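Predicted model, so just to flag it, every value in this text is computed and none were measured. Counting starts at 1 for both ligands and their atoms, following the listed order.
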Amino acid sequence: MAKQSKAPLFETLLGHAKRKVISFHTPGHKNGRGVDRRLRSFTGKNLYYFDVTVFPEVDSLHDPVGPIKKAQELMARAYGVEDSFFLVNGSSSGNMAMFLAACKPGESVIVSRNSHKSIMSGVILSGVWPIWIQPKIDQNLDIIFDSSVDQIEETLNHYPEAKAVFVTSPTYNGVATDLVKIAELCRSRGKLLLVDEAHGPHLKFHEGLPVSAVSAGADLCVQSTHKILSALSQGSVLHFNSKLLDVNQVKKVVSLLQTTSPNYLILASLDLARMQAVEHGKVMLDKVIKAAEFGRKQINNLSKYHCLTRNEIQSLGYDLDRTKLTINVTRTGLSGYQIEDILANEYNIQVDCADLFNLIAIMGIGSEKSDVQALVNALADIEKRYHGHQQNWSLQIPSLATEMVMMPRDVFFSAKTKRIPLSKAVGQISAQTLTPYPPGIPVLIPGERITAEICEYLMDMSAKDIRISGQETETLRTIKVVAN
Ligand SMILES: Cc1ncc(COP(=O)(O)O)c(C=O)c1O
């Protein structure tokens, strides 16, 4: 059995690259010779020797027997799970795979309404009934929380037939729910626990961070190794650790969703990211956490910002990944979007995302204290130079309870849809997902009944010319519904 200090896939690829083999396989650039000169002169030419295709020496992602198999086994051991599967289309494909592996068409899954959009893809592909949990919104902190233990327990009491519970933890803001208790609850009810841990591939490697889903006891969990650790973009992992599921079913769905021409650079970077995290993760994360805490303190010394702290989040029964900086900017009178633009255009700083209230700055294994210092300096400067007007925005979810009448999958594939005026939509079944930002939580998804309240809310948005994600037309005067 290979050691954690080895990276079998990377080492195989390096050996292959050094031999400069004459290529009669894909890709067509042939070891980079055909790549546009401007790109090649910027990147250097060695990179392209890694961009190979499937042949016995480098192994096959779909039927691994060599270095990919070894690399996946090392990944599984590093996280303490039974099996790990490399993904080259990010956690988005992992989320779809979890639904397909865990459920048969017609079964139901409890899932938070503010989940990533790939969850809707999972719901549609697998043909399950989603049982939505309405997320809690904290009006003081202007953030949304994923499902708590109590919410899940209550929902399980109402819907004992649910096959699985799907949780996102940590969220984009780094807020982690109590996965240990949720796993216990799921075990005691015989339910599968599926966790979108896209933002938590590093948690396992530092005791000062929230408990990882793999340690808490999730049956399946997906992590974007590329988001925080050092894998290249799209490099993610699906971990399997279940007594209730068949690993061969997981293998099959992972294969179903992946390309037959995986990028070996991504695969090698997953192998190396694991080796690095095991060997040096603790020390590297120590540095990142210290830099983040330094930034948090400095930002909280400024007068117009507030950076979310672990104490605040723990007092609400959740935990915080301290490497994430969620910076509330409402006291500047500017929106998070405006400050995001100012940071990009005037200070050469790119945050991960923004909403009306917050900036979210994600730190990763490559972050430096000097980056944080630059962000703090820029925020201090912006606070002096810009004077916005106090806004009375608030993060609200309208209470738009409705019923699911049709399965989202059936609506998605239905040829019988029609577009009607919004004003005539009460009582119809939605064929669209409509999501206002903020808060980024769908008010309607395919298969849901359009109530008078939802209709009024959407007409109000339309009258104010507020764009709603998923509206399909220039203005929201019409809506697509299921035809009778
Ligand atoms: C919570 C969450 N889950 C899943 C994803 C999808 O991850 P990926 O970009 O690796 O496909 C994201 C992406 O931002 C996310 O924020």
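The closest non-hydrogen atom to atom 6 (C) of ligand 1, taken over H226, Q223, H199, H116, comes from H116.
Here the protein heavy atom with the shortest distance to atom 8 (P) of ligand 1 is S91 N, 3.4 Å. Distance from atom 11 (O) of ligand 1 to its nearest protein heavy atom, with residue and atom name: S92 OG, 2.6 Å. With respect to atom 1 (C) of ligand 1, the closest heavy atom belonging to the protein is D196 OD2, 3.5 Å.
Neither the backbone nor the side chain of V222 comes within 4.0 Å of ligand 1, counting heavy atoms alone. Counting heavy atoms under 4.0 Å from ligand 1, residue S224 touches it through the side chain alone.
Remark: the H29 side chain and the D51 side chain contain an N/O donor-acceptor pair separated by less than 3.5 Å. Side chain to side chain, S93 and Q258 fail the donor-acceptor criterion of an N or O pair below 3.5 Å. S236 and S91 share a side-chain donor-acceptor pair at under 3.5 Å. When only modelled atom types and interatomic distance are considered, Q223 and H239 share a side-chain donor-acceptor pair under 3.5 Å.
Here the side chains of L141 and L316 are in contact, with some heavy-atom distance below 4.5 Å. A heavy-atom distance below 4.5 Å is not found between the side chains of D341 and Q338. Side-chain contact between I362 and I228 is present, with heavy atoms from C-beta onward closer than 4.5 Å.
Annotation: F205, atom CZ; neighbour count of heavy atoms from other residues, nucleotides and ligands within 6.0 Å is above 12.
Backbone and side-chain nitrogen or oxygen atoms of S118 are examined, and none is located within less than 3.5 angstrom of a nitrogen or oxygen of ligand 1.
Atoms of ligand 1 found under 4.0 Å from any heavy atom of T168, numbered from 1 in the order shown, are 1 (C). Near Y172, meaning under 4.0 Å from one of its heavy atoms, ligand 1 places the atoms 14 (O), 16 (O). Close approach of ligand 1 to S236 (heavy-atom distance below 4.0 Å) involves ligand atoms 10 (O). Close contacts of ligand 1 with K227, meaning ligand atoms under 4.0 Å from a residue heavy atom, involve 7 (O), 8 (P), 9 (O), 12 (C), 13 (C), 14 (O).
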